[in-house]
J.: 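Let me give you the structure first, and then I'll get to my questions.
Along the sequence shown, the residues carry numbers beginning at 1. Every number for a ligand or one of its atoms is a count from 1 in the order of the listing. Just the heavy atoms: all of them, side chains too, but no hydrogens, waters or symmetry mates, feed the values below.
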Amino acid sequence: MSSLRRRKALLSIYSWSNGYATESKRRGLTSVPPIEVGFTESAGRGVFATRRIGAGELIHTDKPILSHPSLSSLHSVCYFCLKNVASNLPFCSDECRLQSKIFYDTEKQADWSRFHEYCRTQGLKYPLLVKRLACTIISGAATPETLDILQPATLSSEMILLMEKAYQLLRSTFEDAGFTDEQIAFLSKKWYIDVLARIRINSFRIELALGSYEDILLSAAASVEAEAAVGNAIYMLTSFYNHDCDPNAHILWIESVNAKLKALRDIEAGEELRICYIDASMDHDARRATLSEGFGFDCRCARCMSND
Ligand SMILES: C[S@@+](CC[C@H](N)C(=O)[O-])C[C@H]1O[C@@H](n2cnc3c(N)ncnc32)[C@H](O)[C@@H]1O
């Protein structure tokens, strides 16, 4: 599809990447990222370069619209930005404490022990993101439609059945804490399932890169040494990046949950930028099975189509 025929779309998504302007200024980058969201021929919406991007270039940064530490990291990372914290304090800075008020003031009013315990024993991470979104909605800082723009996964009836218990626990936690029916009117089972369907496809497992900021950014490698997962997050702009088993862009996290999108090779204006959702070193069949089972799509990237 020619870049002329591609419709520029969703420019308002930049308002979701609310950290971009400040971060880019600090790093001496131009204030508008060299990308736009448009339509691809075979993978729905995608991200396209608006100018030539050089190998190794930091394309843009993206702050999450939702994030949550993994339960095993609760006492070792900041409850807002997932930065490592030495002490047992929930936040790494006053800024994070302040920014977290949009969900934390509500969250603190309820006892989450049963909900967390259920997620811990079942190995569930996505309901924690729904919990945070629900608290943000109750506080008035988000709407129930916040994630509607993101593509949802198709869920089997078996998957939906498995979501029932976590949903009931989430709702009863709010009810037991005295939240009124009016405050949690949005929290229907349908809403919960719909949100989880979007989280399933669009959430990222956050692994903080090890090493100095400058070294990591200078390295053109697709993979950097990273710590174990410290949490999960959802981004707006970054969610529009499609997958490729031979990607030209890469996402990494240095110090915190704020994502950095970096070019792995020279990218021409109009070219689609794609990241790899999985371990690209797997063979053809293993990659396709992982993408089909984990993400629910049959990969149509050039590498797969050439049976590599
Ligand atoms: C995180 S979303 C990416 C943005 C998405 N295209 C959209 O319109 O919102 C992932 C979804 O994009 C599509 N997709 C991404 N990479 C693809 C690929 N290599 N082949 C086919 N479909 C792909 C699949 O439908 C997948 O579930």
Side-chain angles (χ1 to χ4, degrees), residues 1 3 5-17 33 35-49 59-60 62-67 125-126 129 133 145-156 159 193-207 222 232-253 257 259-261 264-265 267 270-308:
M1 185 182 287
S3 53
R5 280 179 57 215
R6 234 190 308 117
R7 271 175 292 162
K8 277 192 191 176
L10 308 169
L11 286 180
S12 61
I13 54 173
Y14 290 138
S15 64
W16 286 100
S17 319
I35 51 170
E36 66 185 14
V37 175
F39 293 94
T40 67
E41 277 176 355
S42 58
R45 296 163 298 185
V47 178
F48 295 84
I59 306 164
H60 67 98
D62 205 4
K63 284 193 173 181
I65 42 173
L66 262 187
S67 66
K125 48 199 180 180
Y126 302 148
L129 291 169
L133 176 59
E145 296 80 28
T146 295
L147 300 188
D148 282 6
I149 196 172
L150 303 179
Q151 185 184 316
T154 309
L155 302 173
S156 65
M159 286 170 172
I193 290 166
D194 190 66
V195 164
L196 263 188
R198 291 170 207 279
I199 290 178
R200 185 157 186 268
I201 285 198
N202 294 286
S203 80
F204 287 85
R205 179 185 142 97
I206 310 303
E207 294 176 0
N232 292 278
I234 300 248
Y235 304 83
M236 191 53 70
L237 181 50
T238 305
S239 288
F240 293 106
Y241 279 78
N242 285 315
H243 161 86
D244 201 295
C245 296
D246 181 18
N248 56 7
H250 176 55
I251 179 167
L252 72 162
W253 294 271
V257 73
K260 310 221 174 301
L261 275 293
L264 289 176
R265 50 179 181 254
I267 297 164
E271 198 179 324
E272 187 185 352
L273 289 128
R274 289 191 172 207
I275 57 176
C276 186
Y277 298 175
I278 55 165
D279 175 1
S281 67
M282 288 188 284
D283 70 25
H284 177 265
D285 292 351
R287 295 196 317 271
R288 292 182 68 75
T290 307
L291 289 166
S292 172
E293 284 154 26
F295 296 85
F297 68 92
D298 291 327
C299 184
R300 287 189 287 270
C301 77
R303 187 174 163 204
C304 282
M305 293 299 98
S306 68
N307 280 325
D308 173 3

J.: Nearest protein heavy atom to atom 20 (N) of ligand 1, by residue and atom, and its distance?
T.: Arg300 N, 3.0 Å
J.: Of the protein's non-hydrogen atoms, which lies at the shortest distance from atom 9 (O) of ligand 1, and what is that distance?
T.: Arg45 NH2, 2.9 Å
J.: Is the closest side-chain donor-acceptor distance between Glu272 and Asn242 under 3.5 Å?
T.: yes
J.: Shortest non-hydrogen contact from Thr238 to Phe204?
T.: CG2-CZ, 3.7 Å
J.: Run the numbers for me: atoms of ligand 1, each under 4.0 Å from some heavy atom of Cys299, listed by number.
T.: 19 (N), 20 (N)
J.: So which bit of Tyr241 gets within less than 4.0 Å of ligand 1, heavy atoms only: side chain, backbone, both or neither?
T.: backbone
J.: Of the protein's non-hydrogen atoms, which lies at the shortest distance from atom 25 (O) of ligand 1, and what is that distance?
T.: Gln151 NE2, 3.0 Å
J.: Heavy-atom distance under 4.5 Å between the side chains of Ile275 and Asn248, does that happen here?
T.: no
J.: Among protein heavy atoms, which sits nearest to atom 10 (C) of ligand 1, and what does the distance come to when rounded to 0.1 Å?
T.: Tyr277 OH, 3.4 Å
J.: Consider every N or O of Arg274 and every N or O of ligand 1, then say whether any pair is closer than 3.5 Å.
T.: yes
J.: Compare Ile275, Asn242, Leu291 and give the one whose heavy atom is closest to atom 3 (C) of ligand 1.
T.: Asn242
J.: Would you check if Tyr126 and Val195 make a side-chain contact, meaning some heavy-atom pair closer than 4.5 Å?
T.: no
J.: Between the main-chain N or O of Ser42 and the side-chain N or O of Arg300, is there a donor-acceptor pair closer than 3.5 Å?
T.: yes
J.: In terms of residue, atom name and distance, what is the protein heavy atom nearest to atom 22 (N) of ligand 1?
T.: Phe297 CD1, 3.5 Å
J.: Compare every heavy atom of Ala280 with every heavy atom of Arg287, then report the nearest pair and how far apart it is.
T.: CD-O, 3.9 Å
J.: For Asn202 and ligand 1, answer yes if some heavy atom of the residue is under 4.0 Å from a ligand atom, otherwise no.
T.: yes
J.: Heavy atoms only, cut-off 4.0 Å: how does Thr40 contact ligand 1, side chain, backbone, both, or neither?
T.: neither
J.: Say whether Ser239 and ligand 1 are in contact under the criterion: heavy-atom distance to a ligand atom below 4.0 Å.
T.: yes
J.: Minimum heavy-atom separation for Cys304 to Arg288, with atom names?
T.: CB-NH1, 3.3 Å
J.: Need the ligand 1 atom indices (1-based, order shown) with element for anything under 4.0 Å from a heavy-atom of Asp298.
T.: 20 (N), 21 (C)
J.: For atom 6 (N) of ligand 1, what's the nearest protein heavy atom and its distance?
T.: Ala43 O, 2.6 Å
J.: Below 4.5 Å, heavy atoms only, C-beta onward: do His60 and Asp62 meet side chain to side chain?
T.: yes
J.: Kindly say whether Arg200 contributes a backbone atom to a donor-acceptor pair with the side chain of Ser203 at under 3.5 angstrom?
T.: no
J.: Would the distance check show the side chain of Arg45 and the main-chain N or O of Phe39 forming a donor-acceptor pair, the cut-off being under 3.5 Å?
T.: no
J.: Hey, which atoms in ligand 1 end up nearer than 4.0 Å to a heavy atom of His243?
T.: 15 (C), 16 (N), 18 (C), 19 (N)
